[in-house]
Amino acid sequence: MGIESHRHHNETARRRWGLLARALTSNSNPSRPPGNEVVTNQPQDLISVRRISNFGLIKISPLIDVDWFVYSAGDKFCMKIRHLNQILTPEDLMGFNNTGNVCVWPSEEVLAYYALGHREEFFGKSVLELGGGMSCLAGLYIAKYTDATRVHLTDGNENSVKNVRRIVAANRLDHENDGKVDCSVLKWGEHVQDKYDIVLAADCLFFDSARRDLVRTIWQAMKSNGVGWITAPRRGSTLDKFLEEAQNVGFKYRVSDSYNQDIWDRHLALNRDCNYYNMDIHYPVFIILTKSL
Ligand SMILES: C[S@@+](CC[C@H](N)C(=O)[O-])C[C@H]1O[C@@H](n2cnc3c(N)ncnc32)[C@H](O)[C@@H]1O
């Protein structure tokens with residue numbers, strides 16, 4: 001290794017350890033304004049990204065109870081959401097993926113917002129959300145504001161699912177309150193017992209080692225006439241790799257950039273006004289998966 005590349009290597013290592021140390025000692029605040037650094041387990045592996053906190057489609061107002069917020073899409077659609085304002089311990093970083101406990105990512109916000117604009121499509125349908133993180137916001141909105149018959153909210157991370165259970169109870173969507181929501185840990189690749197009409201996933205496509213399992217789980221969980229609604233940024237080649245895997249198992253897909261005027265307008269505004277906004281890593285495209293045309 002030459003002196004220059006050695007220096008570069010050291011510098012990169014130093015920066016990574018700095019980020020790691022900050023992650024271990026600081027409380028990552030999910031409600032911080034756009035542009036603050038966060039540490040993620042994203043493809044770059046512990047490289048900081050400048051994050052767009054949200055697309056401003058859903059207003060987030062703090063409640064008196066610490067960690068609780070009201071998420072409001074317009075005046076009509078409100079939900080109490082608990083943030084996992086967690087301090088990342090070494091165990092957390094070494095354990096199951098924690099990206100869903102950092103914040104509600106824009107792909108989830110966008111999926112929730114899009115679903116609210118298509119409420120009629122859930123009439124009489126069963127819905128499964130995969131990798132819903134600490135909120136499963138899209139699935140929750142569907143449970144509360146549509147005539148879906150069943151909504152199953154899942155993630156592979158136990159802390160996320162525990163938090164979602166608390167949110168479900170606080171919004172009185174659980175079975176005890178005649179609700180139609182189930183909540184469970186589901187790791188992609190594990191057997192899924194039931195079949196669903198609609199399978200959701202937001203920002204779940206960039207995990208190289210889990211992509212094939214994710215695709216297979218969607219295939220296994222989806223009815224033959226079912227549909228997958230997936231939102232995620234393109235993020236380099238990660239979306240294309242997902243689509244390739246999806247095609248390999250037999251899925252047909254449609255990818256759309258401009259699928260909702262409000263979301264597209266927000267993208268245009270960010271593109272114009274925010275100097276670190278990068279469509280490739282920040283803008284969630286919409287993918288529809290079906291088993292037949
Ligand atoms: C970037 S987060 C997105 C969370 C949420 N959908 C959002 O957008 O706010 C990715 C989620 O995928 C989950 N995940 C990653 N690998 C998984 C796997 N193999 N099985 C199940 N869930 C997984 C993580 O726990 C995390 O919650």
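Everything numeric in this text was worked out from a predicted model, so none of it was measured. Computed from heavy atoms alone, side chains included, the values below leave out hydrogens, waters and symmetry copies. As the structure lists them, so they are numbered: ligands from 1, and atoms in each ligand from 1.
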Study note, to complete from the structure: Closest non-hydrogen contact found for Glu129 with Leu137 is OE1-N, 4.5 Å
Check your understanding: If you count the atoms of ligand 1 from 1 in the order shown, which ones are under 4.0 Å from a heavy atom of Gly156?
Key -> 21 (C), 22 (N)
Review point. Between Asp182 and His175, is any side-chain donor less than 3.5 angstrom from a side-chain acceptor?
Key: yes
Point to revise | Greater than 12 external heavy atoms within 6.0 Å of Arg82's CZ | key: yes
Review point. Does an N or O anywhere in Ala202 fall below 3.5 Å from an N or O of ligand 1?
Key: yes
Point to revise | Element-labelled atoms of ligand 1 that are located less than 4.0 Å from some non-hydrogen atom of Phe207 | key: 10 (C), 12 (O), 15 (C)
Check your understanding: Does any N or O atom in Glu108 lie less than 3.5 angstrom from one in ligand 1, N or O only?
Key -> yes
Check your understanding: Does Ser160, backbone or side chain, put an N or O under 3.5 Å from an N or O of ligand 1?
Key -> no
Review point. Can Gln261 and Asp265 be counted as having a side-chain donor-acceptor contact under 3.5 angstrom?
Key: yes
Study note, to complete from the structure: Taken in chain and number order and not counting sequence neighbours, the residues that satisfy side chain to side chain donor-acceptor pair (under 3.5 Å) with Arg166 are none
Check your understanding: Strictly by modelled atom types, are Tyr113 and Asp262 linked by a side-chain donor-acceptor pair under 3.5 Å?
Key -> yes
Exercise for review: May I ask whether Val104 places a heavy atom under 4.0 Å from ligand 1?
Suggested key: yes
Review point. What about Trp105 and Phe55, are their ring centers closer than 6.0 Å?
Key: no
Revision key, fill the gap. Note: Leu137, heavy atoms under 4.0 Å from ligand 1, region reported as neither
**Study point:** Close-contact set for ligand 1 against Gly100 heavy atoms, below 4.0 Å
**Key:** 2 (S), 4 (C), 26 (C), 27 (O)
Practice item. Give the numbers and elements of all ligand 1 atoms closer than 4.0 Å to a heavy atom of Gly131. Key: 3 (C), 4 (C), 5 (C), 6 (N), 11 (C), 12 (O)
**Study point:** Nearest heavy-atom neighbours spanning Arg234 and Asp257
**Key:** NH1-OD1, 3.0 Å
Point to revise | Atoms of ligand 1 close to Cys103 [distance to a heavy atom under 4.0 angstrom, numbered from 1] | key: 9 (O)
Exercise for review: Enumerate the atoms of ligand 1 whose separation from the nearest heavy atom of Lys187 is less than 4.0 angstrom.
Suggested key: 20 (N), 21 (C)
Practice item. May I ask you to check whether Glu129 has an N/O atom sitting below 3.5 Å from an N/O atom of ligand 1? Key: no
Review point. Got an N/O contact under 3.5 Å between Thr99 and ligand 1?
Key: no
Review point. Which bit of Cys136 gets closer than 4.0 Å to ligand 1, counting heavy atoms only: side chain, backbone, both or neither?
Key: neither
**Study point:** Numbered atoms and elements of ligand 1 in range of Asn157, under 4.0 angstrom, heavy atoms
**Key:** 25 (O)
Exercise for review: Output the list of atoms in ligand 1 that are nearer than 4.0 Å to some heavy atom of Gly132, sorted by atom number.
Suggested key: 5 (C), 6 (N)
Point to revise | Spacing of CG belonging to Asp197 relative to CZ belonging to Arg150, to within rounding of 0.5 Å | key: 11.0 Å
Expected list for residues 114-121: side-chain donor-acceptor pairs under 3.5 angstrom, two or more places apart:
| from | atom 1 | to | atom 2 | distance (Å) |
| --- | --- | --- | --- | --- |
| His118 | ND1 | Tyr114 | O | 3.0 |
| Arg119 | NH1 | Leu116 | O | 2.6 |

